[in-house]
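One structure is given below, encoded as C-alpha cells.
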Amino acid sequence: MSASPVRFPSNIRSARTSATMAARYNFRETEAKWQRIWEEAKAFQVREDPKRPKYYVLEMFPYPSGRIHMGHVRNYTLGDLLARYKMAKGFNVLHPMGWDAFGMPAENAAIQAGIHPTKWTYENIDTMKAQLKVMGLSYDWSRELATCDPGYYKHEQKMFLDFLAKGLAYRKEGWVNWDPVDQTVLANEQVIDGRGWRSGAVVERRKLSQWFLRITHYAEDLLQAIETLDKWPERVRLMQQNWIGRSEGAYIQFDVVGQKDQRIEVFTTRPDTIFGMSFLALSPNHPLTDELAKRNPKLAEFVADCNRIGTSEAELETAEKIGFDTGLSVAHPFIPGKTHPVWVANFVLMEYGTGAIFGCPGHDQRDLEFARKYGLPVIPVICPPDADPKTFAIEDEAFTGEGFAINSDFLDGLGVAEAKRAAIARIESDKRGKGAVQYRLRDWGVSRQRYWGCPVPVIHCEACGIVPVPEKDLPVRLPEDATFDKPGNPLDHHPTWKHVDCPKCGKKARRDTDTFDTFFESSWYFARFASPHSKQAFDRKAVDYWLPVDQYIGGIEHAILHLLYSRFFMRALTDCGYLKLAEPFAALQTQGMVVHETYRAPDGSWLMPSEIAKTGDGAARRLSDGVPVEIGRIEKMSKSKKNVVDPENIIENYGADTARLFMLSDSPPDRDLEWTDAGVEGAWRYLNRLYRMVAEPPLPLPPKGAPMPNDFGPRALAARKATHRTIVGVGDDIERFHFNKAVARIRELTNALDELKEGGREPGAAWAYREGIETAVRLIGTMAPHLAEELWEMLGHKETLAKTAWPEADRALTVEDTVKVAVQVNGKLRGTVELARGAAKDEAEKAALALPNVTAAMNGKAPKRVIVVPDRIVNVVV
RNA sequence: GCCCGCUUGGCGAAAUCGGUAGACGCAAGGGACUUAAAAUCCCUUUCCCUCACGGGAGUGCGGGUUCGAGUCCCGCAGCGGGCACCA
C-alpha cells in the first residue's frame, strides 16, 4: 500500500514532529501493535453460541471502486463503535465485511483502460482491504466474501432457478435506453440530457425481452410489515410506503363509439369524479395505440416522439405534457348519449394500472393542465364544503380536497368516500368493471446486457424454450477471455461461450447472455455472512442464530431499492425453503454524507484541498503558484469537484484513532459531516490530552484495584459523580446513536477530572482521578480503540479492552438531591431557585414568588395563575 | 414533476416528554509559560443597548395553538436524497 504524497499546512507538520518532545503518544507504533495483538488473539472471530445473546452489526458493504473514501470511513467507524460497545455489554457480536464486487465501473475500466474486470476488481479489493485493516476495525475477516466469486454467485443462480420454478421469476418485455450509435443498452446514469454519454447520440426507448422478479406478489406484505420496522427511521418507512403506493380505486370499461365489442379499460382512484370526465387518455405504449398508429402515420410519429424520452420516471414526469387526438370516442358509462374523445397522452404510463385513464380536469391537476392546453371541457363535480355549488368553478387549480358531489346524477350530495363506494357499486352492477386495489410497485427487472455480473443460468432452446441449467452444472461461470473492444454485451460477442447443447433435448441451443442486476447480490449477502463457507447457500442453524441483522448502517440513498429488494428476497427465499425470515434488518441507521468546501482556480478548474492553503483572512491560495483560489460551496466529496480528502493520508499523518474520533465528534451520524482540517486537529489534540492525563497524571495514582477510600472531599465527590453520570449518559447516547453527544460527554468528564488538580490534597482525590480516567479510557475504547488499549495497559490492566466489560454506574452517584428550577413571569425567564428534588408544588411556588426579580417583573399585580412543573419550571401569569 | 428530509451563534452542534436556547468542540480575541516559536494551560466569546446592575431581541421566513414553541399545526423559501439499468 502506498501513500500518495500530500502537502500539509506547515503547522500540522510541526504539530506532529514536536510531538516527540515530552511524554508523547506514538500513534504509528501503538496502532500497529494493537492491530497485531487483536489479530493474533483472533479477538473478533465469532461462532454461534446459543448460551449468549447475539448481536449482528452490519455496515453496507462497499463496491471495490479502487480506494477507501471518507464515506466508507464514516460508515465503518459508526459500525465499529457499536460493535465494540455491544461486545463490552456481553453480546456475541457478528461484525463482518465483504465486497459488492459486480458492477459497471469494472466493465468501464476494461473498456477504457483494457484491464480485465476480474483483475481490476481483485486488485481494488486488495488495496481497500489493506486500507480497512489500518483503521483497526473489529471485523471477523474470516467471513470476508466477494460477490464476483463463483462460489458466491452459484448460490444466487440456484436461487433464481428456484424462483423460476415457483413462478417468482418470469420473462416479459421491458423498456431499455438504446444507444443507436454504440448499439448498446445504457443505464439511466449513462443518459445525459437524452443522449448517450459516449456516443452523444439521441437515446431511444426500446423493448427487450427480459427477466423479472415478481416482487409485486409480496406488495401487500411488504407494505403491512413496514409497521413492524419500528427501529427504522420514520422517513425511510414513509418512502417505502409511498414507493409501494397502494391505492384503492376501480377498473372501468368504456365502450368505443361505433365499434361493437371494442372496450377500453381504465384504472382510476377517483371513480367518484366519473361525471366530471372530459376525455380518455391512452399511454403511447398502449396496445390500442399501437394498433391505431399502424393506420395513422401522424400518430406513429407522435408515439415515436414520446419514445425519445428516456426510461426514467423523472424524465417522463418533467417532460412537457403532450397529447394526440385519435379521433375515436367513448361513451360515458352513466350518461346516455354522452361521448368523450380518446387521446394519447405522454404522461400516461403503461406500467401503472391499465395504461389508460379517464381525464377529470376539475379534480386532477395534470388532467386540468392537459384540458386547458387542448381546449377540453372542465366540469366541477366535487364541491368544497364551504362553497356554493351553483357558483363553484375551477380556475387554475384542480380541487382535490374533501367535499360533496355535484353535477353527478345519482352521486349528488355524497361525500368523496361515499361517492366512491356508490360509483363502484354501480360500475359492478352494470358489469363495467370492479373495485380494485392497485400498487405503484412494479416487478423488478433483473436482466442486464453486460459482462461483469452474475450470468443468468438459463438456456434458450428452439425446441424446448426456456431450459434451466441443471444444478450439477452450476455455477455458470463468466468466461475469462471476454473482449471489451467493441460496444454491446461481451457475453453475446463471445465466440463460443453462449453455444451449448440443450440439457433437455441435446440439440444446439444458446445460453442467456444477460447478467443479473447487481442489487441481486446485495439482496442476500447479509445472510451469507452467517455461514460464508457453507456448501449450501445458508447453513440453517447459523442463519437462524445470527439473523436478522440487529443494526444495519448505511447511506440514505439506499432507503428504497436495496432495502426493499432485500426484504423481498427474504420472503422469496423463505417461500423457497432456504430460511425462515421476513425482515432482514431489525434496525436501520442512515448516515449522512461527508462534505467539503470546493476550490476553483482562476481558470475555472477544480482544485483538491491538498493543492491549496488557507490564508489568515479566510481566503485561499494555490500552493504551487500562490494564485488566489475561489472558495466554493460545501458539497458531497466527489472526484469531479476534486473536494476529496484521502483517508489514507489522514491516517498516515494523524493515525486511525484521530480520523475515527473526528468522524464521531460534532455531527450526529445521520447528518452531513463537513470535513475540516481544524476538526481533525481538534480530535488529534484531544487524544494527546488523554494520553498525558494517563502518562503524566496530576496526582500520584493509587495502584490498580486499590480499595475505595471511605471519605471523599467535595471536589473528589464531584469528580466521582461526573464519572458515574458519564457512564450512564454515554451508554444512553450510544444506544440512541447520538455518538457526537457521547464524545462530548467524555470530554466533559475529562474537563471535570482537571478540577482535581486544584483539589489534589482532598481525601480520595487520587482515587477518584483513577476511577475517572479509567472510565474515560474504557468509554472511548469504542471510538479510539488503539489509544484506549495502550492507556488501559499503562493503567496496569493485563486483559485487553476488547475483552473488558462495560462499566457499571453507581446509581447513588448519578442523582443530585437538589435541582435548579427556572422561574418565569408570563413566560419570560426572571430567575432560578434551588429546590430539593421533588419539592412540593406550593413550596416551589412560594420560593419563586419570593424572588426579588420576580416581584419586580410582576409590577405589583397579583398572580392570575401559577403553573408549576416539579423540578423544572414555575411560570407566574399576571 | 412526484415522494422524503434538512435549516439553531463567525462555524460543527446540544436542548430525551412542549418547560432556563447555545452543552461539547472549532475559530477568534486576551493572558500565562518560553530567548523565541510550537505544544500546553487560564480567561472572554449569540446579537443589540449599558461603565456596571440590568434590559431587549433571537432557533430560515409568515401565520396559528399554548401559561409557555427550536420542539406541535398551516403556508412559504432555500438546500439535499430518491424516482425502478450508478452502487
Side-chain angles (χ1 to χ4, degrees), chain A residues 11 14-15 17-19 21-22 60 62-63 65 100 102-105 174 176-177 185-191 233-236 238-239 241-243 245 311-319 321 347 351 365-366 441-450 517-519 522 555-562 564-565 590 592-593 595 618 633 635-636 665-668 670-674 676 678-679 681-683 685-686 688-689 692 732-733 736 738 740-741 743-748 751 754 820-824 826-829 831-832 853 864-867 869 872-877:
Chain A
N11 62 323
S14 51
T17 45
S18 67
M21 299 209 14
M60 290 179 182
Y63 179 78
S65 54
D100 187 13
F102 276 139
M104 287 206 306
V176 294
N177 298 306
V185 177
L186 298 177
N188 282 338
E189 71 157 11
Q190 296 174 316
V191 181
E234 186 56 33
R235 60 173 159 156
V236 174
L238 253 172
M239 280 191 261
Q241 216 171 310
N242 291 333
W243 187 262
T311 58
S312 81
E313 186 179 315
E315 275 179 290
L316 294 169
E317 290 277 325
T318 49
K321 314 271 174 290
F347 62 86
E351 286 77 25
Q365 191 59 30
R366 213 159 38 175
L441 181 69
R442 307 198 298 257
D443 279 337
W444 174 16
V446 293
S447 297
R448 298 292 180 270
Q449 295 69 44
R450 283 186 251 288
D517 178 4
T518 57
F519 274 128
S522 56
I556 184 73
E557 66 273 18
H558 292 294
I560 298 174
L561 292 180
H562 162 58
L564 193 62
Y565 291 151
T590 56
M593 298 179 298
V595 297
R633 31 192 301 174
E635 292 188 57
K636 177 179 182 168
S665 309
D666 295 352
S667 293
D670 60 357
R671 247 201 254 186
D672 288 353
L673 177 142
E674 188 190 346
T676 61
E681 287 271 328
R685 275 202 301 269
Y686 184 67
N688 278 287
R689 181 174 161 210
R692 283 192 306 275
D732 285 354
D733 287 338
R736 282 173 224 264
H738 294 178
N740 55 323
K741 282 168 64 187
V743 174
R745 274 188 218 274
I746 297 171
R747 294 184 95 125
E748 273 179 305
N751 288 347
D754 262 354
K820 216 161 72 170
V821 173
V823 181
Q824 298 178 333
N826 286 338
K828 264 186 201 288
L829 184 72
T832 59
N853 256 0
K864 268 192 223 151
R865 205 178 145 190
V866 181
I867 290 125
V869 181
R872 300 215 100 149
I873 205 162
V874 177
N875 188 10
V876 183
V877 186

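Heavy-atom basis, side chains included; hydrogens, waters and symmetry copies ignored. In what follows, chains carry the letters A, B, and so on, assigned in the order in which the sequence lines appear, proteins first and then strands, with residues in each chain numbered from 1.
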State the pairing partner of B:G19; accept Watson-Crick or G-U wobble contacts with both distances under 3.5 Å, and report none otherwise. B:C67

Protein-nucleotide distance (A:Asn688, atom CG; B:A38, atom C1'), rounded to Å: 13 Å

Expressed in whole Å, how much space separates the C1' atoms belonging to B:A15 and B:U8? 10 Å

P-based separation of B:A13 from B:C3 [nearest Å]: 28 Å

Applying the Watson-Crick and G-U wobble criteria at under 3.5 Å, what pairs with B:A28? Answer none if nothing qualifies. B:U44

Whole-Å distance separating the CG atom of A:Leu829 from the P atom of B:U20: 9 Å

Determine which nucleotide pairs with B:C53, using a 3.5 Å limit on both distances of a Watson-Crick or G-U wobble pair. none

Tell me whether the OP1 or OP2 atom of B:A14 has a side-chain N or O from A:Asn740 closer than 4.0 Å. yes

Starting from P on B:C4, measure out to CD on A:Glu234 and report it in whole angstrom. 11 Å

Within the structure, does a side-chain N or O atom of A:Asn875 lie under 4.0 Å from either OP1 or OP2 of B:U66? no

Answer for the Watson-Crick or wobble partner of B:C6, both distances under 3.5 Å, is B:G78

Please determine if A:Asp754 and A:Arg689 form a salt bridge, counting it only when a charged side-chain N lies under 4.0 Å from a carboxylate O. yes

For atom CG of A:Asp670 and atom C1' of B:G5, their distance in whole Å: 10 Å

Just call it for A:Ile867: base, sugar-phosphate, or nothing, with non-hydrogen atoms closer than 4.0 Å on any strand. base

Could you tell me the separation between the CG atom of A:Leu564 and the P atom of B:C4, rounded to a whole number of Å? 16 Å

Complementary nucleotide for B:C83 - Watson-Crick or wobble, under 3.5 Å: B:G1

For B:C67, take OP1 and OP2 only and decide whether either is under 4.0 Å from a side-chain N or O of A:Arg872. no

For A:Val869 and A:Leu238, find the nucleotide of RNA chain B closest to each by heavy atoms; which residue's nucleotide sits nearer the 5' end? A:Leu238

Can you check the A:Asp732 CG to B:A14 C1' distance for me, whole Å? 16 Å

So, A:Thr590 and A:Asp670: side-chain donor and acceptor under 3.5 Å apart, yes or no? no

B:G55: syn or anti, per glycosidic angle within 90° of 0: anti

What distance, rounded to whole Å, do you find between the two P atoms, one in B:U59 and one in B:G64? 15 Å

Applying a 3.5 Å limit to both distances, which nucleotide forms a Watson-Crick or G-U wobble pair with B:A38? none

Spacing of A:Glu748 atom CD and A:Lys741 atom NZ [to the nearest 0.5 Å]: 10.5 Å

Please work out if A:Asn826 contacts a base, only the sugar-phosphate, or nothing of the nucleic acid, heavy-atom cut-off 4.0 Å. nothing

Validate the cation-pi geometry between A:Arg366 and A:Phe347: distance from NZ or CZ to the six-membered ring centre under 6.0 Å, angle to the ring axis within 45°. no

Syn/anti label of B:C33 as read from its glycosidic torsion, with the cut at 90° from 0: anti

C1' atoms of B:C72 and B:A52, separation to the nearest Å: 41 Å

Looking at A:Lys741, I'd like to know whether one of its side-chain N or O atoms comes within less than 4.0 Å of OP1 or OP2 on B:A15. yes

Using the C1' atoms only, state how far B:G54 lies from B:U40, rounded to an integer number of Å. 38 Å

Quantified in whole Å, what is the P atom distance between nucleotide B:A87 and nucleotide B:C79? 29 Å

Name the nucleic acid region contacted by A:Pro668, choosing base, sugar-phosphate or nothing; use a 4.0 angstrom heavy-atom cut-off, strictly under. sugar-phosphate

Distance, nearest 0.5 Å, that separates OG1 of A:Thr676 from CG of A:Asp666: 7.5 Å

Taking the P atom in each of B:A21 and B:C33, what is the distance between them to the nearest angstrom? 40 Å

CD-CG distance between A:Glu315 and A:Asn188, expressed to the nearest 0.5 angstrom: 7.0 Å

Just checking A:Val877: base, sugar-phosphate only, or nothing, at a heavy-atom cut-off of under 4.0 Å? sugar-phosphate

Counting side-chain heavy atoms from C-beta on, which of B:G1, B:U16, B:C24 comes nearest to A:Arg745? B:U16

Side-chain N,O (A:Arg689) to OP1/OP2 (B:A39) below 4.0 Å: no

Between A:Gly103 and A:Tyr63, what is the shortest heavy-atom contact and its length? O-OH, 3.7 Å

Scan nucleotides 76-87 of chain B nucleotide by nucleotide, 5' to 3', and note B when protein non-hydrogen atoms come under 4.0 Å of the base, S if they reach only the sugar-phosphate, - if neither. ---SSBSBBBBB

Looking across every strand, which nucleic acid part, if any, lies under 4.0 Å from A:Arg671 by heavy atom: base, sugar-phosphate, or nothing? sugar-phosphate

Nearest whole angstrom, please: distance from the P of B:A27 to the CD of A:Glu681. 8 Å

CZ (A:Arg865) and CG (A:Asn875) are apart, to the nearest 0.5 Å, by 9.0 Å

Measure the acute angle between the ring planes of A:His558 and A:Phe519, then classify it against the limits of 30° and 60° as parallel, tilted or perpendicular. perpendicular

Side chain A:Asp672, main chain A:Met593, donor-acceptor under 3.5 Å: yes

Quick one: A:Leu673 CG to B:C11 P, roughly how many Å, whole number? 17 Å

Using a heavy-atom cut-off of 4.0 Å across all strands, would you classify A:Gln824 as base, sugar-phosphate, or nothing? base

Say you pick atom P in B:C61 and the same atom in B:U7; how far apart are they, in whole Å? 13 Å

